[in-house]
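The first residue in the sequence is number 1, and the count goes up from there. None of the values given here were measured: they were computed from a predicted structure.
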Amino acid sequence: MNVHDLINYLFENVSQRNFLDEAALRGFSLDILKKETQRLKEEHKYPENIGKGLSELAEKYNLPYMGRGSSRRVYALSTGKVLKISRSVMGIAQTEAEVAVWTNPSTREIAARVFDFDPDYMWSVMEIAKTFNNYDRTIENELKIPHAYGERFTIYDIVKELLSDRSDGKFAWDIEEKFLDLSRGQEIVLRKRLEQYLENPHPFVLKIIDLVRNNDMNIGDVISDHFGKTADGRIVMIDYGLSEDVAKLY
């Protein structure tokens, strides 16, 4: 079961909720996590060793493993929270970037909640959001991004266009090539729909634009897999730690 399937299962299966809340957290607490983090910091110099020790702690308490990115491991704490463990300097930088977004009042509403975090960013406790992971239920459909004739534009496409200098009236090549296989009539219709959307995008898209512009965020994080919907119905980013500094350094 991949990370997206597991997240969705947590939302949809009551018995799995009970399993996580009552069995998987046997004896585990944030106090234990914080004490073990401090011990590991005193014993080890390198983040890789501290992160490895924290992963071993999560496995000791049978926290369900949800997957890993380039520099962090993720474990389920409950049906509503996950533990992200930094496994390298890059992971620390990503966690720090996420905390910065969440603690900024102007951007926190579009980001998955950060409930707690290590002051040195070795870990964070974040909100679980149900991912958009099939053809009909996508972040693009949720944001009413236009599609037709078998061609679809992604949230990345839209944000990239809105951030670009469109004074020449042309789209980026990765969008232009989507028109190549369409008839002239279909191309005209789809171009018009896209132009109208760019003139009046979904409010959430505008918030993403503000997030990228005002928080030194790399647009590489604005991909479909990095969005989800929370239990209370909010659309949020669930992975937003790729700042320009992180991208350049790592």
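- Distance check: I188 CD1 to R193 CZ gives 13.0 Å after rounding to the nearest 0.5 Å.
- Taking both residues in full, the closest heavy atoms of I238 and A129 are given as CG2-CB, 3.5 Å, listed atom of the first, atom of the second, then distance.
- Remark: side-chain polar atoms of N104 are paired, donor with acceptor, to backbone N or O of S106 under 3.5 angstrom.
- When side chains are defined from C-beta on, D225 does not count as touching T131, because their heavy atoms never get closer than 4.5 Å.
- Summarising the geometry of G53 relative to L40, their closest heavy-atom pair is C-CD1, 3.7 Å, with the distance given to 0.1 Å.
- R113 has its side chain out of reach of T230: every pair of non-hydrogen atoms, C-beta onward, lies at least 4.5 Å apart.
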Throw together a table of side-chain donor-acceptor distances under 3.5 angstrom for residues 174-181, partners on residues two or more places apart or in other chains.
unit_1, atom_1, unit_2, atom_2, d
E176, OE1, R191, NH2, 2.5
E176, OE2, F171, N, 3.4
E176, OE2, R191, NH1, 3.2
K178, NZ, R152, O, 2.7
K178, NZ, D157, OD2, 2.9

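- Y121 has its side chain out of reach of Q94: every pair of non-hydrogen atoms, C-beta onward, lies at least 4.5 Å apart.
- Transitive grouping of hydrophobic side chains (ILVMFWY, heavy atoms separated by less than 4.5 Å) keeps L206 and I145 in distinct clusters.
- Not one N or O on the side chain of S124 forms a donor-acceptor pair closer than 3.5 Å with the backbone of F117.
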Side-chain donor/acceptor pairs under 3.5 Å, residues 42-50, sequence neighbours excluded:
unit_1, atom_1, unit_2, atom_2, d
E42, OE2, Q38, NE2, 3.2
E43, OE1, R39, NH1, 2.8
E43, OE2, R39, NH1, 2.8

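- Side chains of L190 and F153 form a contact here, defined as non-hydrogen atoms less than 4.5 Å apart.
- Note that CE of M122 and CD1 of I92 are 5.0 Å apart. Values are rounded to the nearest 0.5 Å.
- For the residue pair E187 and Y149, no side-chain donor N or O sits within less than 3.5 Å of a side-chain acceptor on the partner.
- Ring planes of H202 and F204: perpendicular class, angle over 60° (limits at 30 and 60°).
- Pairing each heavy atom of S55 with each of R87, the nearest pair is OG-NH1, 3.0 Å.
- Side-chain contact between I235 and I110: absent, with no pair of heavy atoms (C-beta onward) separated by less than 4.5 Å.
- A side-chain contact (heavy atoms from CB on, under 4.5 Å) with V222 holds for exactly one of I208, V205, I209; it is I208.
- Of all heavy-atom pairs between D221 and M237, the closest is O-CE, 3.4 Å.
- Atom NZ of K41 is separated from atom CG of D120 by 3.5 Å, given to the nearest 0.5 angstrom.
- Heavy-atom minimum distance, A111 versus W102: O-CZ3, 3.7 Å.
- Rounding to the nearest 0.5 Å places CG of L143 at 5.0 Å from OH of Y197.
- One hydrophobic cluster holds both Y156 and L163 under the rule that ILVMFWY side chains link at heavy-atom gaps under 4.5 Å.
- Of the inter-residue distances, the one linking W123 atom CH2 with L33 atom CG reads 4.5 Å to the nearest 0.5 angstrom.
- No donor-acceptor distance shorter than 3.5 angstrom exists from the side chain of S224 to the backbone of E140, with no hydrogens or angles considered.
- Scanning for side-chain contact (heavy atoms from CB on, under 4.5 Å) contacts around I223 gives H226, with sequence neighbours left out.
- Other residues, nucleotides and ligands contribute only 12 or fewer heavy atoms inside 6.0 Å of the NZ atom of K81.
- Every residue was checked against the salt bridge (charged side-chain N to carboxylate O under 4.0 Å, His left out) condition with E56, not counting sequence neighbours, and none meets it.
- Exactly one of M66, R73, E98 qualifies for a side-chain contact (heavy atoms from CB on, under 4.5 Å) with K84. That residue is E98.
- Heavy atoms only, all atoms of each residue included: F115 and G80 are closest at CE1-O, 4.2 Å.
- Applying the side-chain hydrogen bond (donor to acceptor under 3.5 Å, both in side chains) rule to D31 yields no partners; only residues at least two apart in sequence or on another chain are considered.
- For residues 78-97, there are no ring pair (Phe, Tyr, Trp, His ring centres under 6.0 Å) pairs, not counting sequence neighbours.
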Begin from the C-alpha positions of L57 and I32 and carry the test side chain to side chain contact (heavy atoms under 4.5 Å, CB included) through to its verdict. CA-CA 9 Å; L57 176 71; I32 290 175; 4.2 Å; yes
So I158 and L194, side chain to side chain contact (heavy atoms under 4.5 Å, CB included) or not? Walk me through it. CA-CA 9 Å; I158 299 299; L194 183 57; 3.6 Å; yes
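- Here the straight-line distance linking atom OG1 of T154 with atom CD1 of I139 works out to 11.0 Å at 0.5 Å rounding.
- Using a cutoff of 4.0 Å between basic side-chain nitrogens and carboxylate oxygens, R234 and E127 are scored as salt-bridged.
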